[in-house]
Q: 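Here it is, the structure in full.
Along the sequence shown, the residues carry numbers beginning at 1.
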Amino acid sequence: MVMQRVETDVYSELEWRGAIHQCTDPQLPGLLRREHFTLYCGFDPTADSLHVGGLLQLINLRRFQLAGHRPIAVIGGATGLVGDPSGKSSERILMRKEEINANAAGIAAQIQRLIDLSPGTEPQAVMVNNADWLEPIKLTDFLRDVGKHFSINAMIGRESIRARLEEREQGISFTEFTYMLLQAYDFLHLFEQFGCRLQIGGSDQWGNITSGIDLIRRIRDGQAYGITSPLIEGLPGAKMGKSEKGNVWLDPSKTSPYRFYQYWLNVEDEHVVRLLGLFTFLDKPRIEELGRLVREQPAKREAQKVLAFEVTALVHGAHEAEKAVRASRALFGSQIVELEEPVLLEVLSEAPSSRASRSLLSGGRSLVDLLVEVGLAESKAAARSYISGGGVYINNVRDTDADRMLVEDDLLLDRYLLLRRGKKSHHLVSFE
């Protein structure tokens with residue numbers, strides 16, 4: 001991947017896009033305008049894929065790189081073994097090192113899709129694994145050199161820790177309690193090794209980020225900074241934790257490009273403009289124009305269509321995004337005959353379905369009878385009425401012949417028949 005770098009005021013851009021929740025120093029915006037920073041964001045491999053919450057941070061790293069700053073993507077091969085308590089109401093299940101390493105490989109591929117790691121690229125982005133520097137440290141050395149700089153009182157005061165301690169039945173283990181020390185050491189190591197002065201992350205990372213800034217000040221008398229992004233609101237039903245069910249993943253084997261596209265297409269009007277700012281690289285005038293269309297022509301859902309295409313293309317490529325658009329249109333159009341079998345079945349995965357013997361079509365099968373059998377009509381008389389009134393579709397093509405006989409030539413992919421009554425009542429019959 002090769003990026004076309006355009007020097008911009010990245011802080012101002014993040015502000016108008018709604019991507020800044022907190023900043024540790026009011027002087028940082030001016031510094032970012034005058035200097036090129038090295039910054040980092042961490043991604044713990046507690047699953048074999050990132051989800052849309054992690055996507056926002058990758059996009060933010062990419063914005064910094066496009067603006068001439070140097071991003072570092074840190075895969076938490078060591079911190080993933082411990083587990084971050086931030087944003088969690090219960091103790092994480094510890095994972096085996098082999099699982100963490102396998103997950104890290106999957107996440108690394110996703111990072112490379114959005115961050116340009118090409119040799120010779122300016123600024124040269126870096127991807128590292130914190131297991132490389134955390135695992136060799138002796139426990140006693142870590143406690144002496146790092147642990148002595150942390151006050152238990154201050155640690156308990158962190159929101160992520162305090163929330164868990166208030167859950168009397170669950171509490172927090174010493175393992176998760178020490179997570180912020182490990183992440184703080186990450187920042188110190190990157191400060192020393194790469195001159196990294198800025199960490200970014202979600203708003204739940206504020207305590208971890210400021211701990212790293214404080215450690216750098218105490219040990220190296222250095223100045224470092226932090227920026228957090230707000231929690232993502234307006235996404236249709238997603239839970240942002242990688243261990244939660246119902247997530248929308250970047251891995252196409254876990255969430256297909258079509259499902260990914262549909263997810264963004266279902267964003268509500270009140271949130272779509274904000275999400276266009278956060279998750280796309282469209283400029284401000286274009287987003288404002290889409291906002292106007294939301295207000296004036298909401299039924300067309302133009303902003304949702306643009307959002308869905310742009311984010312799907314960013315994660316899966318323009319070709320997959322275009323396929324998702326065609327599949328989405330095919331649900332109600334004659335283009336359904338052009339879909340490949342996996343896409344067809346996915347598009348119709350939530351539609352009622354049934355199986356029938358292929359031999360039933362050898363002499364012709366009454367459309368009226370089939371509508372009754374699959375539950376799209378209450379009776380033969382009702383089926384005839386629906387057909388004559390133009391409300392029945394065969395493979396998304398209206399058919400008004402109440403005497404219509406279905407034959408093998410009507411099948412999609414030589415196997416399937418899609419019946420529809422009205423706009424929303426589908427039924428897929430598989431003839432075997």
Side-chain angles (χ1 to χ4, degrees), residues 1-15 17 19-20 22-25 27-45 50 54-79 104 107-134 183-202 205 208-210 212-213 215-217 219-229 278 281 314:
M1 176 185 64
V2 178
M3 291 185 181
Q4 185 65 41
R5 196 181 82 185
V6 179
E7 301 261 351
T8 61
D9 179 356
V10 68
Y11 193 93
S12 295
E13 181 179 5
L14 290 171
E15 272 193 316
R17 289 183 178 276
I20 292 182
Q22 295 162 300
C23 176
T24 59
D25 193 318
Q27 296 186 32
L28 181 60
L31 292 173
L32 286 169
R33 283 191 290 269
R34 297 190 300 270
E35 305 173 25
H36 287 167
F37 267 62
T38 296
L39 69 148
Y40 97 93
C41 185
F43 304 90
D44 278 352
L50 296 174
L55 175 61
L56 178 59
Q57 299 310 322
L58 275 180
I59 288 174
N60 287 341
L61 281 181
R62 179 172 174 142
R63 294 195 202 283
F64 273 97
Q65 186 175 24
L66 289 170
H69 303 280
R70 183 192 193 192
I72 302 175
V74 176
I75 297 177
T79 46
I107 288 176
Q110 294 171 353
I111 290 172
Q112 293 180 70
R113 188 166 184 86
L114 276 89
I115 307 301
D116 192 350
L117 300 170
S118 306
T121 302
E122 289 294 337
Q124 178 64 61
V126 178
M127 181 166 59
V128 292
N129 189 319
N130 64 15
D132 293 340
W133 60 82
L134 286 176
Q183 186 168 320
Y185 188 81
D186 283 348
F187 203 171
L188 174 65
H189 174 84
L190 296 171
F191 178 86
E192 295 174 336
Q193 187 75 22
F194 298 99
C196 179
R197 293 184 290 159
L198 173 63
Q199 182 182 358
I200 66 171
Q205 294 299 306
N208 292 331
I209 291 172
T210 54
I213 292 171
L215 186 63
I216 290 170
R217 179 183 60 81
I219 292 183
R220 290 291 176 259
D221 195 27
Q223 179 66 60
Y225 308 88
I227 293 174
T228 65
S229 302
L278 290 172
F281 287 83
L314 183 67

Q: Using side-chain contact (heavy atoms from CB on, under 4.5 Å) as the criterion, list what pairs up with Q193, not counting sequence neighbours.
A: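 Testing Q193 for side-chain contact (heavy atoms from CB on, under 4.5 Å), a comparison that skips the adjacent residues, returns H189.
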Q: Please list, chain by chain and in numerical order, all residues satisfying side-chain contact (heavy atoms from CB on, under 4.5 Å) with A125, sequence neighbours excluded.
A: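 Only Q65, P71, I115, L117 meet the side-chain contact (heavy atoms from CB on, under 4.5 Å) criterion with A125.
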Q: Can you name the residues that form a side-chain contact (heavy atoms from CB on, under 4.5 Å) with R217, not counting sequence neighbours?
A: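 Listed in chain order: D214.
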Q: Could you pull out all residues at least two apart from E192 that satisfy side-chain contact (heavy atoms from CB on, under 4.5 Å)?
A: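 Applying side-chain contact (heavy atoms from CB on, under 4.5 Å) to E192 gives L188, R220.
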Q: What pair of heavy atoms forms the shortest contact from L278 to R17, and how long is it?
A: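 Shortest heavy-atom separation between L278 and R17 comes out as CD2-O, 3.5 Å.
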Q: If I compare all heavy atoms of P45 with all of G76, which pair ends up nearest, and what's the gap?
A: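 Closest pair (atom of P45, atom of G76, distance): CD-O, 3.1 Å.
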Q: Applying side chain to side chain donor-acceptor pair (under 3.5 Å), can you list everything that pairs with N130, at least two apart in sequence or on another chain?
A: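 Checked N130 against side chain to side chain donor-acceptor pair (under 3.5 Å); matches are T79, D186.
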Q: Would you kindly check if the NZ (Lys) or CZ (Arg) of R62 is within the cone defined by 45 degrees around the ring axis of F281 and under 6.0 Å from the six-membered ring centre?
A: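 Cation-pi check for R62 and F281: passes.
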Q: I would like to know whether L58 and L50 meet side chain to side chain contact (heavy atoms under 4.5 Å, CB included); could you show each step before the answer?
A: CA-CA 10 Å; L58 275 180; L50 296 174; 3.6 Å; yes
Q: Hey, does E35 have a side-chain heavy atom less than 4.5 Å from the side chain of H69?
A: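 Result no, sub-4.5 Å side-chain heavy-atom pair not found.
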Q: Heavy atoms only: give me the nearest P119-Q124 pair and the separation to one decimal.
A: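 Between these two residues, the closest heavy atoms are CA-OE1, 3.7 Å.
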Q: Applying side chain to side chain donor-acceptor pair (under 3.5 Å), can you list everything that pairs with T38, at least two apart in sequence or on another chain?
A: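 Partners of T38 under the side chain to side chain donor-acceptor pair (under 3.5 Å) test: none.
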Q: Could you work out, with ring pair (Phe, Tyr, Trp, His ring centres under 6.0 Å) as the rule, every residue matching Y225, not counting sequence neighbours?
A: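 Partners of Y225 by the ring pair (Phe, Tyr, Trp, His ring centres under 6.0 Å) criterion, ordered by chain and then number, come out as F37.
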Q: Which heavy atom of I209 sits nearest to which heavy atom of G226, and what is that distance?
A: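 Shortest heavy-atom contact: CG2-CA, 3.7 Å.
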Q: Just to verify, what does Y40 make a side chain to side chain donor-acceptor pair (under 3.5 Å) with, not counting sequence neighbours?
A: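 Result, side chain to side chain donor-acceptor pair (under 3.5 Å) vs Y40: Q199.
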Q: What's the spacing between I219 CD1 and Y185 OH if we round to 0.5 Å?
A: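 OH of Y185 is found 8.0 Å from CD1 of I219.
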Q: Take Q223 and D25, measure what side chain to side chain contact (heavy atoms under 4.5 Å, CB included) needs, and give me the verdict at the end.
A: CA-CA 10 Å; Q223 179 66 60; D25 193 318; 4.2 Å; yes
Q: So do the side chains of I59 and L314 get within less than 4.5 Å of each other, counting heavy atoms only?
A: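 Result yes, sub-4.5 Å side-chain heavy-atom pair found.
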Q: What distance do L114 atom CG and D116 atom CG have between them, rounded to the nearest 0.5 Å?
A: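 Spacing of CG (L114) from CG (D116) equals 11.0 Å.
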Q: Go through the steps for D9 and L32 under the test side chain to side chain contact (heavy atoms under 4.5 Å, CB included), then give the verdict.
A: CA-CA 7 Å; D9 179 356; L32 286 169; 5.7 Å; no
Q: Hey, does L14 have a side-chain heavy atom less than 4.5 Å from the side chain of R63?
A: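 They are in side-chain contact.
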Q: Should L39 and R197 count as side-chain neighbours, where that means a heavy-atom distance under 4.5 Å?
A: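 No; the side chains remain at least 4.5 Å from each other.
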Q: Quick check: do L28 and I227 have side-chain heavy atoms less than 4.5 Å from each other?
A: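 Counting from C-beta outward, L28 and I227 do come under 4.5 Å.
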Q: Does the side chain of V74 reach to within under 4.5 Å of the side chain of N129, using non-hydrogen atoms?
A: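 In short, these two side chains do not touch, never coming nearer than 4.5 Å.
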Q: For R70, check salt bridge (Lys or Arg N to Asp or Glu O under 4.0 Å) against everything at least two apart and list the hits.
A: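 With neighbours one apart ignored, the set is empty.
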Q: Heavy-atom distance under 4.5 Å between the side chains of D221 and I216, does that happen here?
A: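 Not touching, per the 4.5 Å side-chain cut-off.
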Q: Mind checking whether L61 and F43 have side chains closer than 4.5 Å, heavy atoms only?
A: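 A side-chain contact exists here, since the closest heavy-atom pair is under 4.5 Å.
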Q: Mind checking what makes ring pair (Phe, Tyr, Trp, His ring centres under 6.0 Å) contact with F191, not counting sequence neighbours?
A: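 F191 satisfies ring pair (Phe, Tyr, Trp, His ring centres under 6.0 Å) with no other residue.
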Q: Grab the two heavy atoms, one from F187 and one from C196, that are nearest each other, plus how far apart they are.
A: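 Between these two residues, the closest heavy atoms are CE2-O, 3.7 Å.
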Q: Of all residues at least two apart in sequence or in a different chain, which pass the salt bridge (Lys or Arg N to Asp or Glu O under 4.0 Å) check with E15?
A: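 So E15 forms no salt bridge (Lys or Arg N to Asp or Glu O under 4.0 Å) with any residue.
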Q: Check A19 against S229 and note the closest heavy-atom contact, atom names and distance.
A: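 In terms of heavy atoms, the two residues are closest at O-OG, 3.1 Å.
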Q: With sequence neighbours excluded, what pairs up with Q57 under the side chain to side chain donor-acceptor pair (under 3.5 Å) test?
A: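 Per chain and number, Q57 pairs via side chain to side chain donor-acceptor pair (under 3.5 Å) with no residue.
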